[in-house]
Amino acid sequence: MCDQEYKAGVVYLDNAATTRMAEEAEAAMQPYLVEKFGNASTAYGYGEEAQAAIAHAREVIAASLDARPSEIYFTSGGSEADNWAVKGVAEAYGKYGRHIITSRIEHHAVLNSCHYLEEQGYEVTYLDVDQNGMISLEQLEHAVREDTILISVMFGNNEVGTIEPVMQIGRFARDHQILFHTDAVQAYAQIPISMQQYHIDLLSASAHKFHGPKGVGFLYVRDRVTMPSFIHGGSQERGKRAGTENVPGIVGMGKAVELAFCNMRRRIRREMMLRNYLIEKIMHEIKGVRLNGHPTNRLPGNVNVSFSGVDGASLLILLYEDGICASGGSACNTGEERVSYVIGALGVPDEYAPGTVRMTLSGETTREEIDRAVEALKQNLRKLRDEK
Ligand SMILES: *Cc1c(COP(=O)(O)O)cnc(C)c1O
């Protein structure tokens, strides 16, 4: 709720909504905003500089996924990558079938692309999730049909942090010759993902979720997958995504990837330790609370809890007055609904569901910040619960 107001002294626990850009990423971008302003498509010096910078970012990103540079397509972010993946497969493979399988807890970029396709005559099966937010492979097996062309299931959920069984879904999709897309916007650059290990055909990612700039991301497309162009125009991105490249954005994303992947294992260990510390403290020191999402199989920085008998929105406002930035769930839902569709899909009881708070850590989060957040939670819950 306060990503525009990041300042010192504020405990920022909303890293699933967006992250603070790394200073190194900003420094890497700077030359490409002013001095090195060339258009990557021009043949002379300036253009070559931009071209080389884009090629370097593409190689860094490909290497981070054990993929090939030819499999990385730059986009304006996660939403565009999701739209392209879902609608692109529907368009290119529609002649083989018009059935798509996804889950009820996808990001709106996937869900609304599916809704759009339903209007175009495609059929979509929305897989349920269990109380931990996991899809079931059994249900997936039952859902699959002769005319299924795509399975789109996210890697890690943005609200409750559950990591889906991507390895098994990928194997299943491959065995049934169905394409598999995963929205990895919350997982990429947070946990290791190797395209040699996972049978993923398409993967979406977004730079501002891992300390890169906003408005840039990419879609990984396995080389053998046929994808139509998403933006028609010039020949940028091998003719698939026209438009003058966002050179500073791509450079900033490349730098953020480099930073995320050096010391990744140490950062994950530290973040998980702090996350578990936060969860344990809340569970021990506060009554009437439940943890949402999978207890262990969850993104390293995600904590999502529901407090009984309180309104989450009021709690968030009080927390913010105490300098704690948290959120009720996905930034895209705020204001629209009292209980998010993800919390609804998990079947969180009515007594708890409206009192849901998501706190998402980053590599910058400290133990002192966690302590402050828990103190603020305790005080404000006391206030809200006493008023009743
Ligand atoms: C943030 C997010 C998106 C959208 O990415 P943008 O770059 O903000 O468009 C898509 N999916 C998930 C899971 C996200 O968390």
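When a residue number appears, it is its place in the shown sequence, counting from 1. Read the numbers this way: they start at 1 and go in the same order the structure lists the ligands and their atoms.
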Give the residue and atom name of whichever protein heavy atom lies nearest to atom 3 (C) of ligand 1, and the separation in Å to one decimal. His107 NE2, 3.4 Å

Using a 4.0 Å cut-off to any heavy atom of Ser79, which atoms of ligand 1 qualify? 4 (C), 5 (O), 6 (P), 9 (O)

Arg367 to Tyr277, cation-pi by 6.0 Å centre distance and 45° axis angle: yes

Could you list the atoms of ligand 1 found under 4.0 angstrom from a heavy atom of Asp82? 10 (C), 11 (N)

Between Tyr73 and Arg241, is there a cation-pi geometry (under 6.0 Å to ring centre, at most 45° from the normal)? no

Passing candidate, side-chain contact (heavy atoms from CB on, under 4.5 Å) with Leu361, options Asn302, Leu274, Leu299: Leu274

Could you tell me how the ring of His108 sits relative to the ring of Tyr341: parallel (under 30°), tilted (30 to 60°) or perpendicular (over 60°)? tilted

Any idea which part of Val110 is under 4.0 Å from ligand 1, heavy-atom wise: side chain, backbone, both or neither? neither

Between Glu364 and Arg20, is the closest basic N to carboxylate O distance under 4.0 Å? yes

Starting from atom 6 (P) of ligand 1, what is the nearest protein heavy atom, named by residue and atom, and what distance separates them? Gly78 N, 3.5 Å

Residue, atom name and distance, where the atom is the protein heavy atom closest to atom 11 (N) of ligand 1: Asp183 OD2, 2.7 Å

Polar contacts were defined as any N/O atom of the residue lying under 3.5 Å from an N/O atom of the ligand; does this apply to His208 and ligand 1? yes

Going by the side-chain hydrogen bond (donor to acceptor under 3.5 Å, both in side chains) test, name the single residue among Gln139, His99, Arg145 that passes it with Thr125. His99

Going by the order shown, which atoms of ligand 1 are within less than 4.0 Å of some heavy atom of Gly77? 7 (O)

Given Tyr188 and Phe155, is the ring pair (Phe, Tyr, Trp, His ring centres under 6.0 Å) satisfied, shown in steps? CA-CA 9 Å; Tyr188 174 73; Phe155 209 110; 10.0 Å; no

Does the ring of Tyr116 carry Lys87 above it, NZ/CZ under 6.0 angstrom from centre and within 45° of its axis? yes

Can you confirm, on distance only, whether ligand 1 has an N/O atom lying under 3.5 Å from any N/O atom belonging to Glu80? no

Residue, atom name and distance, where the atom is the protein heavy atom closest to atom 1 (C) of ligand 1: Lys209 NZ, 1.4 Å

Taking distance alone, with no angle check, do Ser206 and ligand 1 share an N/O pair under 3.5 Å? yes

